Amino acid sequence: MLVVRIDLTELLRKIGEEADIDEEERVSFPEDGLVLTKPVSVKLHLVNTGESVLLDGTLQAVAELECSRCLKKIEYPISIEVSEEYSKAPPPSEARRGKGIELKEEDFVYPIGADNTLDLGEIIRQNLLLALPLKPLCSKGCSGPE
Ligand SMILES: [Zn+2]
């Protein structure tokens with residue numbers, strides 16, 4: 001699988017540093033049942049807040065899915081907002097787990113690796129998988145195999 005790395009070295013140098021990513025990535029994740037027919041449009045904004053790196057923006061992709069009734073292949077456009085937080089420090093969730101404080105989803109912070117990079121492919125994979133419909137249909141009135 002293609003791994004697309006975002007190098008954060010420059011961004012991490014100074015608090016308040018910002019970076020923009022505007023790219024098309026040709027990725028596919030067949031092992032997850034996620035086949036993309038076009039390059040994924042990645043538009044992300046990153047900012048170093050000092051405590052963490054905030055990432056937000058949009059992902060646009062077209063997934064090839066199978067209609068859950070007639071099994072015809074369909075193209076399913078996906079356009080989603082992404083908002084994540086990354087930190088060099090150990091995630092706060094780790095520290096809180098021991099104290100019995102309940103975790104909220106917004107508390108989840110991804111760690112930044114020792115090499116100061118983020119795996120853009122993984123960000124794309126996780127967010128697109130969440131956006132896939134459970135039962136895709138080729139049309140609203142699909143009544144199954146002809
Ligand atoms: Zn169908």
Side-chain angles (χ1 to χ4, degrees), residues 1-12 17-49 51-98 100-146:
M1 193 198 93
L2 179 67
V3 177
V4 189
R5 291 267 166 210
I6 311 175
D7 190 347
L8 299 177
T9 311
E10 283 296 313
L11 190 80
L12 289 169
E17 279 287 299
E18 299 182 35
D20 283 293
I21 297 168
D22 189 344
E23 284 180 44
E24 305 249 296
E25 297 292 348
R26 191 168 277 284
V27 287
S28 229
F29 309 95
E31 64 274 26
D32 295 303
L34 179 58
V35 176
L36 303 168
T37 60
K38 289 185 183 145
V40 181
S41 158
V42 183
K43 289 192 173 65
L44 298 174
H45 182 76
L46 296 124
V47 59
N48 177 1
T49 65
E51 299 204 331
S52 61
V53 172
L54 298 179
L55 173 154
D56 62 276
T58 55
L59 297 178
Q60 284 177 295
V62 180
E64 187 183 75
L65 301 175
E66 233 170 43
C67 173
S68 61
R69 289 192 189 145
C70 71
L71 305 183
K72 199 163 85 184
K73 292 239 189 291
I74 46 173
E75 293 209 324
Y76 185 83
I78 301 172
S79 179
I80 40 172
E81 302 280 322
V82 182
S83 180
E84 319 256 33
E85 187 174 0
Y86 296 87
S87 178
K88 284 289 281 186
S93 52
E94 297 278 318
R96 280 180 218 180
R97 196 169 290 144
I101 299 169
E102 207 175 317
L103 293 176
K104 293 192 216 93
E105 201 182 333
E106 59 263 32
D107 288 334
F108 199 81
V109 179
Y110 297 94
I112 296 171
D115 58 354
N116 287 343
T117 64
L118 294 181
D119 182 355
L120 187 57
E122 189 57 20
I123 296 170
I124 294 171
R125 189 183 73 89
Q126 288 180 359
N127 282 281
L128 292 187
L129 280 175
L130 288 174
L132 291 181
L134 287 175
K135 285 186 185 287
L137 290 177
C138 60
S139 66
K140 276 199 181 113
C142 176
S143 53
E146 281 147 33

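Note that ligands are numbered from 1 as they come in the structure, with each ligand's atoms numbered from 1 the same way. Here the structure is a predicted model, which means the values were calculated and not measured. Computed from heavy atoms alone, side chains included, the values below leave out hydrogens, waters and symmetry copies. Along the sequence shown, residues carry numbers from 1.
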Visitor: Indicate yes or no: at least one non-hydrogen side-chain atom of Leu55 is less than 4.5 angstrom from one of Tyr110.
Guide: no
Visitor: Quick one: name the protein N/O/S atoms under 2.8 Å from the Zn ion (ligand 1), chain by chain.
Guide: Cys67 SG, Cys70 SG, Cys138 SG, Cys142 SG
Visitor: Measuring only between side-chain heavy atoms, which start at C-beta, is Ile78 closer than 4.5 Å to Leu132?
Guide: yes
Visitor: Suppose we screen for side-chain hydrogen bond (donor to acceptor under 3.5 Å, both in side chains). Which residues come up paired with Asp20, at least two apart in sequence or across chains?
Guide: His45
Visitor: Output yes when Lys73 and Glu66 qualify as a salt bridge under the 4.0 Å nitrogen-oxygen rule, no when they do not.
Guide: yes
Visitor: Taking the side chain as every heavy atom from C-beta outward, state whether Leu46 and Leu8 have any pair of such atoms under 4.5 Å apart.
Guide: yes
Visitor: Kindly say whether Pro136 contributes a backbone atom to a donor-acceptor pair with the side chain of Ser68 at under 3.5 angstrom?
Guide: yes
